[in-house]
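Chain A is the first sequence line, chain B the second, and so forth, proteins listed ahead of strands; every chain is numbered from 1. Computation of the quantities below employed the complete heavy-atom set of this structure, encompassing side-chain atoms and omitting hydrogens, waters and symmetry-equivalent molecules.
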Amino acid sequence: MNDHRLFTALDLAGTFAFAISGAVAARNRGLDWFGVIVIAFTVACGGGVLRDLCLGAVPPAGLTDWRYLAVAMAAALMTIVASKLVVRLEHPVTLFDSLGLGLFAVTGAQKAMIFDHNAELAILLGVATAVGGGVMRDLLLNRVPVILRREIYASAALVAAAIEVAGERLGWTSSGRTWVALAACFTLRYLSLRYKWNLPRSSRHDGNGAD
Amino acid sequence: MNDHRLFTALDLAGTFAFAISGAVAARNRGLDWFGVIVIAFTVACGGGVLRDLCLGAVPPAGLTDWRYLAVAMAAALMTIVASKLVVRLEHPVTLFDSLGLGLFAVTGAQKAMIFDHNAELAILLGVATAVGGGVMRDLLLNRVPVILRREIYASAALVAAAIEVAGERLGWTSSGRTWVALAACFTLRYLSLRYKWNLPRSSRHDGNGAD
Amino acid sequence: MNDHRLFTALDLAGTFAFAISGAVAARNRGLDWFGVIVIAFTVACGGGVLRDLCLGAVPPAGLTDWRYLAVAMAAALMTIVASKLVVRLEHPVTLFDSLGLGLFAVTGAQKAMIFDHNAELAILLGVATAVGGGVMRDLLLNRVPVILRREIYASAALVAAAIEVAGERLGWTSSGRTWVALAACFTLRYLSLRYKWNLPRSSRHDGNGAD
């Protein structure tokens, strides 16, 4: 299997893991079947849609490639009919979620660079591709996006996107910089989960305070 | 009155019904006049704006055609100054809301097909046109979108968009497939309201659970 | 200093004031450092990004010009490490926020007119540029947008955008209509804060009612 096919496989596995995170959250809020599918699809494709709108790459790829919709629906149905299985799959899902996070950040940054845009946009859209769907999930489920509150998640995506952009400027090969970015993102994410790292809070207030 | 003019009239009547649903919800949350107008306009045009952004059809039609803004403002003002009348109009508003739902799904799918895109995108954007404004209303009013929680609403729009797309592939006339799609959407919506149908919930948790 | 350079300086000062409002709100909700930076940047650039997407002016200027990101990060860091200083700066921040509000409304309307669009779109996008970022801040912080509930804020932006568009139709010079629009918006905003003006509420219900 060459690198390109491996990245395609990883992309779909990451999409599946993202969709599972959406479906589980939607199920925990008691949404109906339609709601679970919508949230699963939103987490899987929302970030990419946001990126494509900002690049003018319309219609967004996530809305026209049936594989993403199929993967999201499979994740949603599995969560609805086999929730115990999904609980048992927690570890592989976390694994592919972390790989998907890095890969989405890399592909987001790549797409911006293919359109010949500057490094700032490439990094911003890399991060947006990786975390945009999760933010939309949290907005739809009526809660403050988890990436703004705790954990090293968006920061790991930021590291991946920055490595991708820096690698391109330094003349690394496409595969080479993708592997380095994936490894860095995955390691950072793994260590932060393992040792419960968080970014510092900006104040002592709790996250549910009134406005 | 030929079909085209009838559909234009239905489009504006549907827009009015959508705007009423936004204005009533905004009023119930105690927003100020500006807020009521914004929410009314958002429900009326939000789905179409989303669709046009995804198609690259900018600027979005809903923001440049003064009739939509005028209809939304009329609905908002009526809700503010004559709320008792609006309550009495509940039945006709529900009627036109159901017709608008089907028509928006059909026109959304049509516009994607005019731009020569595939069936998946046409169906997704048909549904997004029909329910996108309502989702934005619920986001702005800080609640989980009602279409993700209960009722046969988005599903009825999905049926209408799917009929429109399938009809086009089968070579039906434009008017013919629009009528079939409208009738199917309306019947499904009417029956679901009459018999209080809901999609199955994905779990026993209640919709207000914590994250 | 000629008018153009003065407006550029005002634009950055307004961006800074907008970012401060985001950073303070994010800090009060106990977000982590990343969250504070994201919300600050969102308030500063969100409205302009929305405008640019609706105009097809991609990639959005706010995402490619490093000065906006730098100003937003400076505001976020200042809020985190020197929150007492930010409290003492409340008055100048309110001053520049009001000036930024008017200037963003004017530049949003101008950009729509440069793309040769009609008056309705120019006014709508002027208001969206001015208040869109604040609405996104409130959505991310999980509350009903403050502009829909109270205060003369969006209305002041509306006045500025309308003056800009009317002035252009009446043949006023670009600098002339910008000054009039800024002065009107600032005066309206100042008086409304001074005398605690609000738009009328649409009902007696309180803003926290259930749906």
What do you reckon, is CZ of F186(B) surrounded by more than 12 foreign heavy atoms closer than 6.0 Å?
-> yes
L55(C)/V58(B) under side chain to side chain contact (heavy atoms under 4.5 Å, CB included): CA gap, chis, key distance, verdict = CA-CA 6 Å; L55(C) 290 174; V58(B) 291; over 6 Å; no
Measure the CD1-CZ distance between I147(C) and F34(B) for me, rounded to the nearest 0.5 Å.
-> 5.0 Å
Out of L125(C), L124(C), L121(C), which one pairs with P59(B) under the side chain to side chain contact (heavy atoms under 4.5 Å, CB included) rule?
-> L121(C)
At a heavy-atom separation under 4.5 Å, does L139(B) approach chain C through its side chain, its backbone, both, or neither?
-> both
Which region of D138(B), side chain (C-beta onward) or backbone (N, CA, C, O), has a non-hydrogen atom less than 4.5 Å from a non-hydrogen atom of chain C, or is it both or neither?
-> neither
Closest-packed option against chain C by number of heavy-atom pairs under 4.5 Å, given D52(B), T79(B), L140(B) = L140(B)
Close side-chain approach of R29(B) and V144(C), heavy atoms under 4.5 Å | yes
Distance col, row D32(B):CG vs L148(C):CG, nearest 0.5 angstrom, shows 7.5 Å
I would like to know whether T64(B) and H117(C) meet side chain to side chain contact (heavy atoms under 4.5 Å, CB included); could you show each step before the answer?
-> CA-CA 8 Å; T64(B) 56; H117(C) 295 309; 5.6 Å; no
Between D65(B), V38(B), L141(B), which has the largest tally of heavy atom pairs under 4.5 Å with chain C?
-> D65(B)
Minimum heavy-atom distance between P60(B) and C54(C), given as atom pair plus value = CD-O, 3.5 Å
So which part of L158(C) gets closer than 4.5 Å to some heavy atom of chain B, the side chain, the backbone, both or neither?
-> neither
Per-residue contact mode, I37(B) against chain C (heavy atom under 4.5 angstrom) | neither
W66(B), CH2 atom: more than 12 neighbouring heavy atoms under 6.0 Å = no
Relative to chain B, which segment of N118(C) carries a heavy atom at a distance below 4.5 Å: side chain, backbone, both, or neither?
-> side chain
Take L31(B) and R201(C), measure what side chain to side chain contact (heavy atoms under 4.5 Å, CB included) needs, and give me the verdict at the end.
-> CA-CA 6 Å; L31(B) 301 196; R201(C) 296 283 281 277; over 6 Å; no
